[in-house]
Amino acid sequence: MRLSQAFLPTLKEDPADAELVSHKLMVRAGMLRKHAAGIYSLLPIGWRVTKKVAQIVREEMDRTGAQEVLLPIMMPAELWKETGRWEKYGKELFRQRDRHDRDYVLGPTHEEAITDLVRSHVRSYRDLPQNLYQIGVKFRDEIRPRFGLMRAREFLMKDAYSFHVDEAQLNETYERMHAAYSTIFRRCGLTFVVVEADSGAIGGDVNHEFMVTADSGEAEIFASACGYAASSESAKFAWKPFPEEKAEALAEKETPEKRTVEEVAAFLHVMPDRLLKSLVLFGDDEPILAIVPGDRELNEAKLARHLGGAPLRLATGAEIEQLTGGPLGFTGPVGLGGKIRMIVDATIQEGRNYVTGGNRRDTHLLNVRLGRDVTAGERADLTTAKEGDRCARCGEVMAVSRGIEVGHVFKLGTKYSESMAARFLDAEGTERTIVMGCYGIGVTRIVAAAIEQSNDENGIIWPMPIAPYQVHIVPVNAKEARTRETAEALYAALMEAGIEALLDDRDERPGAKFKDADLLGVPLRVTIGEKGLADGIVELRDRKTSAVVRVPVGDAATAVIARVREALKTATS
RNA sequence: CGGGGCGUAGCGCAGCCCGGUAGCGCACCUGCCUUGGGCGCAGGGGGUCGCAGGUUCGAAUCCUGUCGCCCCGACCA
């Protein structure tokens, strides 16, 4: 491509509405333009990179034996009503209505569509397994779109769905997809970790997330020496039990205006772990009282999973008052047994005297004992791991880091096949439900993550396999005949060899060309100028290391081709 | 949805408190000049000041409403 003819609006200054480096650089480098919150156009450079990522994904998917399809973006609401997600998916689901007042959804994911497709064709165990994928646009009405392509309302995703006769067959595919994902992210030049994760609205049981490590990432990762790694929504941790305490008599204590854990702990001169927080939430319609230690945060994802995946919301002050008889800030489990479903965090011990709310204004209870004052019935892991917690497997303190979720693989089991009646006949002639897996990759998010992970003060530094172009030719002075001719000849030779080259044939000052070249981040730059030509050489400059190699004019094409091929090979191996 | 901030030329911003001719830098156009890290000089084009009402002789500026955008929290590829 000739820069003089390219649609490539680069900017000197950061856009005012961008926060993340990757977002700023994508806008500055002329890759991306916004139309509305979370809705973007990809410009030629941005789309080239995206297509390269998609192609890597496609190649690796094909290698696993998966087959590519294209599912509809807009789907009839009926399919979503079948699985219950028309109601359960909530506000994040974009809904549409046609001229006949029929409801549709803009697909945020495609379990319904693919299951509908597969159930109408799979009859026998001989038709299984199947593994189908697509690369397509997804719509999610995010509560808060932000960070450019990182969290958009419309984005490009690769989603795959596999169908099996049983768990064992699913496991095979799951492992193969898991491995393919690692290959994909490695080929994209990304540094990443795989963690155990929460399954959220997709549902299902076992699942893993692929996180590109970056300080700007929204996800928190817990990892320990033994190899255990998990997202903060699901990280399990070990805790040290407190020594058994002598049972003291339950007592009321006036705690005027002391509502928060900090206030109560300070007022009573006890550590926050002595307190129990009692939180009222609503699952489907049923109110829940979740009880967690005062020094830990309730993990809504863990609670939701314990409850079977229904979305949760915290009760309002009025609802709390109605359910417990006391105001917000003074809720406690004592006396509510049988009136409300109580779930007690696993780290709360019998044999310890706790402080809880008294369900009355300005009142807390002392010496509350699990088993004596509160039924210890329903126990679950309800809290989020925190800095300093130890690994549940090896007991070592876990390291905390941040990451960007770029891929997620799930074992769905029969969650969708059951509700949508996707069945087959096994070898004995018995009708059975198909076992499913699903596998997602945020294609446009990978583009953002790659920049997030590889940039400097001058701009983007692309890994060769996903770079928009492989080499950027800069004739220092395009008006100087020998310079121009040498650049043109090199450009032609590279095109001939199938190398993706960008030629800056604009009548710009050298400085402007160099700045744009750094901003665009093409891995290899060839500088051609009178100075070098006087010595019979051109310069090859590495964007990442800034290392410059002087090459005889006649060898330039060969040298560039070798460098590009080498860089592509290293990334693939 | 709750909390905070911002809408003035393509981009980045000033002007608003204290009402009276709409400005600056970059970008763009023309000419000259210049060519190894965003050259220089001269001339020029471009605005319903987000939108709608109100106050006023007069509103970018004050008041009310509304829409949009950004940041912090709950959602996720």
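The sequence lines fix the lettering, A, B, ..., with proteins before strands; numbering per chain opens at 1. These numbers were taken from a predicted model, which means no experiment stands behind them.
Ring to ring, A:His178 and A:His208 are close: their centroids are under 6.0 angstrom apart. Two rings, from A:Phe185 and A:Phe210, have their centers less than 6.0 Å apart.
At a threshold of 4.0 angstrom between heavy atoms, the contacts of A:Gly90 with the nucleic acid are absent. Among the protein residues, A:Ala448 comes within range of no part of the nucleic acid, since none of its heavy atoms lies under 4.0 Å from any strand. Across all strands shown, A:Gly511 has heavy atoms under 4.0 Å from sugar-phosphate atoms exclusively, and none from any base. A:Val476 comes within 4.0 angstrom of a nucleotide base, judged by non-hydrogen atoms across all strands. Residue-level contact check: A:Glu218 touches the bases, meaning some heavy atom is under 4.0 Å from a base atom. Heavy atoms of A:Glu480 sit nowhere under 4.0 angstrom from any nucleic acid atom.
Distance CZ (A:Arg445) to P (B:C76): 11 Å, rounded to an integer number of Å. Atom CG of A:Leu93 is separated from atom P of B:C76 by 13 Å (rounded to the nearest Å). B:C13 atom C1' lies 14 Å from atom CG of A:Asp14, rounded to whole Å. Separating the CG atom of A:Asp504 from the C1' atom of B:G36 is a distance of 13 Å, rounded to the nearest angstrom. In this structure, the CG atom of A:Asp141 is 16 Å from the P atom of B:A77, given to the nearest Å.
Contact check on A:Asp542 versus A:Arg525 returns no salt bridge, with no Lys/Arg side-chain nitrogen under 4.0 Å from an Asp/Glu carboxylate oxygen. Contact check on A:Glu154 versus A:Arg140 returns no salt bridge, with no Lys/Arg side-chain nitrogen under 4.0 Å from an Asp/Glu carboxylate oxygen. Between A:Arg305 and A:Glu233, none of the side-chain N atoms (NZ, or NE/NH1/NH2) sits under 4.0 Å from a carboxylate O, so this pair counts as no salt bridge. Remark: A:Arg63 engages A:Glu60 in a salt bridge, criterion side-chain N to carboxylate O under 4.0 Å.
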Protein N or O to nucleotides 3-8 of chain B N or O, pairs below 3.5 Å:
none

note = Per-nt protein contacts along nucleotides 66-74 of chain B (heavy atom under 4.0 Å; B base, S backbone sugar-phosphate only, - none) come out as ---SSBBBB
note = Per-nt protein contacts along nucleotides 22-32 of chain B (heavy atom under 4.0 Å; B base, S backbone sugar-phosphate only, - none) come out as ---BSS-----
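A cation-pi arrangement is not found for A:Arg445 relative to A:Phe155, the charged atom failing to lie both closer than 6.0 Å to the ring centre and inside a 45° cone about the ring normal.
Each of A:Lys515 and A:Phe210 lies near RNA chain B, and the nucleotide nearest A:Lys515 is the one positioned closer to the 5' end.
Relative ring orientation between A:Tyr174 and A:Tyr439 is described as tilted, the plane-to-plane angle lying within the 30° to 60° band.
Per the stacking criterion (ring centres < 5.5 Å, plane angle < 30°), A:Phe514 does not stack onto the base of B:G38.
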